[in-house]
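Convention: sequence-line order gives letters A, B, ...; per-chain numbering from 1.
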Amino acid sequence: MQTRNGAMMNIFDELSWRGLVHQVSDTEGVRKYLDAPGQAMYCGFDPTAESLHIGNLVPLLSLVRMMRAGHKPLFLLGGATGLIGDPSGKDKERELSNQDAVNGRVAHIKAQIEAFVERNTGQKPTVVNNYDWVKNMSAIELLRDVGKYYTVNWMLGKDSVKGRIERDEVGISYTEFSYMILQGYDFYHLCKEYGCRLQIGGGDQWGNITAGTELIRKKAAGDAFALTFPLITTASGKKFGKSEKGAIFMSASHTSPYAFYQFWINTEDADVVRFLKYYTFLSLEEIEALAAEVARAPQERAAQKALAAATTIMVHGEEELAKVLAATEALFGKGDLKSLDHGTLAAALESAPAREYQFDALPDLAQILVDLGLCPSKGQARKDIQAGAISVNGDKITEARALTQDDFLGEVNATQGAFAVLRKGKKNYGLVRLG
RNA sequence: GGUGGGGUUCCCGAGUGGCCAAAGGGAACAGACUGUAAAUCUGUCGGCGUAAGCCUUCGGAGGUUCAAAUCCUCCCCCCACCA
């Protein structure tokens, strides 16, 4: 990234104008640290699910930005810490995950990070797993070589712990209480092995990160830095990253590229410029131009399209984006659904729910809507039909009726392979096939 | 350990024997308007049923009653104050 006068911009300053810097332990120290190329920094990802979700995108992307700026970030997988459970931001004790599950998730997330980084930098990332250095640590080592550097008094002052102790009905187990010293040790370990002196993370990670900077200061007699990101919220106050259907995952098997794209394209005007800064590599100038577009012609949604395209390419690649755009054009374009090329239509609906029936054993429409997951119950389906929320092949229907031969598109004269497109509201599609 | 107050449908919260599938608000879904936005207005919001109606639900288990979210008994959990 360059400044307006052409000089290379310090990556720290870039993160600042993008609005990604929340807290820094030593602003000048961090800027200086990042001035020289080839510096190491890290961020941890605990394996709480099989796939990362877009809540992980800011930290992940920040490490990628570091890499693109010539640094050497470390992507840390919490194979060990994931077994303990981070109390940060949690108001009650977590169930322990079983080890096989954690190992499985670590493998998935590792592959995911590698693919993501290679797509966006052309280089292989350095992925480390804290299980590798924690698994053989003895209790004596932990207590003598790590625990001795932490006073309980200091630990009790951390928000993650304080919140749980003040509410005595929840409490905190010794296990979760110890989480911060493990994460602290990670930082120390990476400092020693890779010369890593900067850890970044979400706003709730401040306590854990400073547990590391403390340990490094005391044990290694050197400085280390902490940087956290702000909590991302939407203008209307909703949690970012959740659609009505749940979290938006980065893996195509958890959230289809189509759904992923749709999530971003639906970003509110009031959020879109901010999100372009957070979630794309676009420059300040490019983003300012898009902001001007939003002000001039909001109905064009140029910024939303740019945001959705950039994030989809970043996570799923160009090829997937092309497919998603074709599907979006087919489903939201001006044309008549029925006149669309059937191949295009079928491809567009690839990730929509689909059911196959025998023509002479077709259930009633309400049941089909329930089968497709478009409506939660037959009663609700009937109400939706009455409310005019349901359309068949793009034609709105207002009373319950059975699907007839005329409703099916595809090979004429053949019931085999023919299909009908059901839609609820503007955005929910389902496919009925005859088999 | 003592005393007092509670646990209601996704969330908050009203309801103290029939008029209760249960007020109101929020969330959610849909319709209108727009731009696959926001705001606003409208409708829906336990299940089955075209409907009449039936079934399931008010922390849990029993009981009283023609009838219980509402009364009684026991149990579980939470909150507040005191010790």
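Of the two residues near RNA chain B, A/Gln262 and A/Arg423, the one whose nearest nucleotide lies more 5' is A/Arg423. Positionally, the nearest nucleotide of RNA chain B for A/Lys424 lies more toward the 5' end than for the other of A/Asn266 and A/Lys424.
The pairing partner recorded for B/U65 is none, the criterion being a Watson-Crick or G-U wobble arrangement whose two distances lie under 3.5 angstrom. The partner of B/G49, taking Watson-Crick or G-U wobble pairs whose two distances both stay under 3.5 Å, does not exist in any strand shown. Base pairing of B/G43: its partner is B/C29, meeting the Watson-Crick or G-U wobble criterion (both donor-acceptor distances under 3.5 Å). Checking B/C74 for Watson-Crick or G-U wobble geometry (two distances, each under 3.5 Å) identifies B/G60 as its partner. With both pairing distances under 3.5 Å, B/C20 is matched to nothing as a Watson-Crick or G-U wobble pair. Nucleotide B/G1 is matched to B/C82 when pairs are restricted to Watson-Crick or G-U wobble geometry with both distances under 3.5 angstrom. Both distances falling under 3.5 Å, in either a Watson-Crick or a G-U wobble arrangement, occur for no nucleotide opposite B/A14.
A/Asp86 and A/Gln205 are linked by a side-chain donor-acceptor pair at a separation below 3.5 angstrom, with hydrogens and angles left out of the test. Side chains of A/Asp186 and A/Tyr42: a donor-acceptor N/O pair is absent below 3.5 angstrom, by distance only. Side-chain contact of A/Asn266 with A/Gln304: a donor-acceptor pair under 3.5 Å is absent, judged by distance alone.
Rounded to the nearest Å, the gap between the P atom of B/G6 and that of B/A22 is 25 Å. Going from the P atom of B/A28 to that of B/C72 covers 40 Å, rounded to whole Å. Separation of the P atoms belonging to B/A14 and B/G5 is 16 Å when rounded to the nearest angstrom. Nucleotides B/G59 and B/C66, compared at atom C1', are 28 Å apart to the nearest Å. Distance check on atom P: B/G60 versus B/C10 gives 12 Å, rounded to whole Å. Taking atom C1' on both nucleotides, B/G18 is separated from B/U65 by 11 Å, rounded to a whole Å. Comparing the C1' positions of B/U9 and B/U56 gives an interatomic distance of 11 Å, to the nearest angstrom. Of the P atoms belonging to B/C79 and B/C12, the separation is 14 Å, rounded to the nearest Å.
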Can you give the donor-acceptor pairs under 3.5 Å from side chains of residues 50-58 of chain A to other protein atoms, not counting sequence neighbours?
residue	atom	partner	partner atom	Å
A/Ser51	OG	A/Gln112	NE2	2.9
A/Ser51	OG	A/Ser251	N	3.2
A/His53	ND1	A/Gly55	N	3.1
A/Asn56	OD1	A/His53	N	3.0

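Phosphate contact (OP1/OP2 of B/U36, side-chain N/O of A/Asn428, threshold under 4.0 Å): absent. Under 4.0 angstrom from either OP1 or OP2 of B/A32 there lies at least one side-chain N or O belonging to A/Lys396.
Between A/Glu293 atom CD and B/G35 atom P the separation is 16 Å, expressed in whole Å. To the nearest angstrom, P of B/A37 lies 19 Å from CZ of A/Arg274. Taking atom CD of A/Gln304 as the reference point, atom P of B/U36 lies 11 Å away to the nearest angstrom. A straight line from CD1 of A/Ile265 to P of B/U36 spans 10 Å, rounded to a whole angstrom. Between the P atom of B/G35 and the CZ atom of A/Arg296 lies a distance of 15 Å, rounded to the nearest Å. Counting to the nearest Å, the P atom of B/U36 and the NZ atom of A/Lys305 are 9 Å from each other. Atom CD1 of A/Ile390 and atom P of B/G31 are 8 Å apart (whole Å). A/Glu268 has its CD atom 6 Å from the C1' atom of B/A38, to the nearest Å.
Here the closest heavy-atom approach between residue A/Cys43 and residue A/Pro59 is recorded as SG-CB, 3.6 Å.
Rounded to the nearest 0.5 Å, atoms CG (A/Leu15) and CZ (A/Arg18) are 8.0 Å apart. Interatomic distance, A/Leu227 CG to A/Ser16 OG, rounded to the nearest 0.5 Å: 8.0 Å.
Across residues 367-389 of chain A, A/Ser377, A/Lys378, A/Gly379, A/Gln380, A/Arg382, A/Lys383, A/Ala387, A/Gly388, A/Ala389 each have a non-hydrogen atom less than 4.0 Å from an atom of RNA chain B (numbered order).
Partners of A/Glu286 under the side chain to side chain donor-acceptor pair (under 3.5 Å) rule, at least two apart in sequence or in another chain, are A/Ser283.
Ring planes of A/Tyr279 and A/Phe275: perpendicular class, angle over 60° (limits at 30 and 60°).
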